[in-house]
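Below is one structure; the comments refer to it alone.
Chain identifiers are assigned alphabetically (A, B, ...) following the order of the sequence lines, protein sequences preceding nucleic acid strands; residue numbering begins at 1 within each chain.
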Amino acid sequence: MRIPIQSVTPATGSAEIIGWVHEVRDLGGLAFFLIRDRTGIIQVTVPKKKAPESVLAAIKAVSRESVVRVIGNIKAMEKAPGGRELVPDVFEIINASESPLPLDVVEKVPAELDTRLDARFLDARRPRVAAVFRIRSAVIHAITAYFEKNGFTGITTPKIVAAATEGGTELFPIAYFDKEAFLNQSPQLYKQMMMAAGFEKVYEIGPIFRAEEHNTTKHLNEATSIDIEVSFADHNEVMKILEDLIVATYAHVKDTCGDQIANLELADFTVPKAPFTRLPYADAIEIAKKKIDEPIKYGDDISSAAERAIGAEMGSHYFIVDWPTEIRPYYAMPYEDDPSICRAFDLMHPRMELSSGAQRVHQHDLLVQQIAKKGLNPESFEFYLRPFRYGMPPHAGWGLGAERLVMTMLNLGNVREAVLFPRDMHRLVP
RNA sequence: GCCCAGGUAGUGUAGUGGCCUAUCAUGAUUGCCUGUCACGCAAUCGACUCGGAUUCGAAUUCCGACCUGGGCGCCA
């Protein structure tokens with residue numbers, strides 16, 4: 001019976017392990033093999049004078065990163081990693097690896113991200129990379145658990161859609177039988193329709209597609225969006241949900257992913273403290289004005305430089321609230337007493353934007369007005385507008401970028417590190 | 001879409017007109033080595049993205065193509 005490497009201790013006695021040959025150190029009369037599975041690494045020590053003939057033949061033939069099965073006695077050995085080593089009676093090559101390898105799994109020589117992504121299956125054998133995706137899994141688990149515990153209904157909405165309804169971003173056109181169709185940029189409109197359906201609290205974790213030709217360390221053309229929509233809630237209530245969720249997610253990762261955090265050398269991994277500061281947009285602009293040279297005025301979008309400057313000033317997660325209505329989408333609800341600003345917000349990490357959301361316009365006629373004000377044609381929004389005529393409850397929601405959440409949580413330099421197979425302007429394979 | 005920087009052994013790099021039969025590390029192959037943990041030692045193998053131009057001479061300069069990294073705008 002195979003035992004996970006992590007579970008092998010000096011008390012194990014005889015053990016069978018299966019894994020990949022991580023490193024080989026042949027000293028002549030004595031050879032060391034580090035064998036790795038997803039749980040850890042163990043040293044296999046072969047004293048050549050005492051080893052069976054079959055073991056000697058196998059260790060002579062084996063190459064790095066081959067899959068091997070090793071059976072033998074476990075000895076306590078202080079000099080060995082993990083305080084134990086396996087002396088093999090059986091050393092079987094299950095499947096040999098070609099050499100040379102497309103990249104160095106041990107990373108004596110670091111590979112560039114592009115090279116790593118080309119050989120992602122090998123790259124992901126590196127414990128450090130595996131740790132990122134183990135944590136990403138825990139993040140998604142924590143978020144799903146939070147939603148289910150708090151009465152949300154998980155939904156899935158179409159990724160193939162007929163029209164560019166949200167405006168703003170570019171969409172990928174696709175051939176759909178004899179019709180033109182697009183990959184959806186956001187589940188926004190469908191979430192809102194489910195408010196009209198009376199679901200009250202919905203969430204979706206799924207792919208979104210943006211055809212923007214950007215070339216940065218924080219953009220992807222296919223990303224994972226964590227989305228919610230809540231009826232009878234305003235922007236403040238969904239911001240509260242968002243900060244609770246962020247805290248709960250960090251806490252879950254801290255509780256359950258200690259090994260991975262250690263592996264990533266995140267000694268100062270800390271759970272952020274709620275409540276996050278609510279920074280009015282107007283104040284954010286003032287901070288940016290003071291700290292950077294480029295001209296900035298009220299009503300501008302917040303540039304990357306401004307985003308970094310404000311982030312440095314704030315130091316931890318914060319919300320930017322009370323945005324000018326003019327620079328937010330038509331579905332953001334203006335304040336009654338000052339319609340020039342609206343009930344929209346962004347959740348910011350000091351490095352970048354993580355989420356944006358708003359209380360939505362739920363009144364049909366106001367929505368038509370706002371669509372027209374943005375220079376869009378309300379007639380092409382009929383499928384979206386229709387539910388607003390049949391008892392649409394007031395509601396609010398947000399979308400949170402899963403990759404950016406993981407990237408900022410683990411202090412990754414590039415958002416591509418947070419996706420197994422990233423899609424960007426240049427990369428469609430693998 | 002705009003702007004900048006790049007493409008040299010499997011991997012990561014040095015090399016700014018002749019000293020390049022191209023540096024170093026890692027790797028692979030072979031040999032030696034009984035406590036390695038980036039094991040050590042020795043030998044060997046392995047590369048200038050492609051096409052054109054300039055020049056006596058191009059990895060190096062110029063033009064074009066292809067590929068890549070990053071910044072901006074915009075966004076998650």
Do [X] and [N] have a side chain to base donor-acceptor pair shorter than 3.5 Å?
| X | N | result |
| --- | --- | --- |
| A/H219 | B/rC74 | yes |
| A/E112 | B/rG6 | no |
| A/R427 | B/rC67 | no |

Heavy-atom pair of closest approach, residues A/G397 and A/E229: N-OE2, 3.4 Å
Within a radius of less than 6.0 Å around [atom1] of [X], do more than 12 heavy atoms belonging to other residues, nucleotides or ligands occur?
| X | atom1 | result |
| --- | --- | --- |
| A/F199 | CZ | no |
| A/K374 | NZ | yes |
| A/R278 | CZ | yes |

If you check every side-chain atom of [X], which of [options] has the closest atom?
| X | options | result |
| --- | --- | --- |
| A/V109 | B/rA76, B/rG12, B/rG73 | B/rG12 |
| A/A111 | B/rU36, B/rU34, B/rG12 | B/rG12 |
| A/D114 | B/rG35, B/rG69, B/rC74 | B/rG69 |
| A/L30 | B/rA38, B/rG35, B/rC74 | B/rG35 |
| A/E353 | B/rA76, B/rG35, B/rA38 | B/rA76 |

Can you check whether A/S304 has a side-chain N or O nearer than 4.0 Å to OP1 or OP2 of B/rG73?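 Result: yes.
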If the cut-off is 4.0 Å, is A/R116 near the phosphate of B/rG10, judged by side-chain N/O to OP1 or OP2?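 Checking A/R116 against B/rG10: no side-chain N or O falls below 4.0 Å of OP1 or OP2.
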Find the partner of [N]: check Watson-Crick (N1-N3 plus N6-O4 or O6-N4) and G-U wobble (N1-O2, O6-N3) distances, both under 3.5 Å, and reply none if neither fits.
| N | result |
| --- | --- |
| B/rA9 | none |
| B/rU44 | B/rA28 |
| B/rU61 | B/rA53 |
| B/rC2 | B/rG71 |

Separation between the P atoms of B/rA65 and B/rC72, rounded to whole Å: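 Pairwise P distance, B/rA65 against B/rC72, rounds to 26 Å.
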On a whole-Å scale, what distance lies between the C1' atoms belonging to B/rC24 and B/rU34?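 About 32 Å, rounded to a whole number of Å.
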Is a side-chain donor or acceptor of A/R64 paired with a backbone partner of A/V24 at a separation under 3.5 angstrom?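 Judged by distance alone, no pair lies under 3.5 Å.
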Taking [atom1] from [X] and [atom2] from [N], how many angstroms apart are they, rounded to a whole number?
| X | N | atom1 | atom2 | value |
| --- | --- | --- | --- | --- |
| A/M77 | B/rU36 | CE | P | 11 Å |
| A/D300 | B/rG73 | CG | P | 11 Å |
| A/E98 | B/rG46 | CD | P | 19 Å |
| A/I327 | B/rC75 | CD1 | C1' | 13 Å |

Salt-bridge present (A/E403, A/R136; N to O < 4.0 Å): yes
Quick one: label A/T217 by what it contacts on the DNA or RNA (base, sugar-phosphate, nothing), any heavy atom closer than 4.0 Å.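 A/T217: backbone/sugar contact only, no base atoms under 4.0 Å.
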When we call it a touch if two heavy atoms are under 4.0 Å apart, what does A/L220 touch: a base, just sugar-phosphate, or nothing?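 Base, at least one base atom sits under 4.0 Å.
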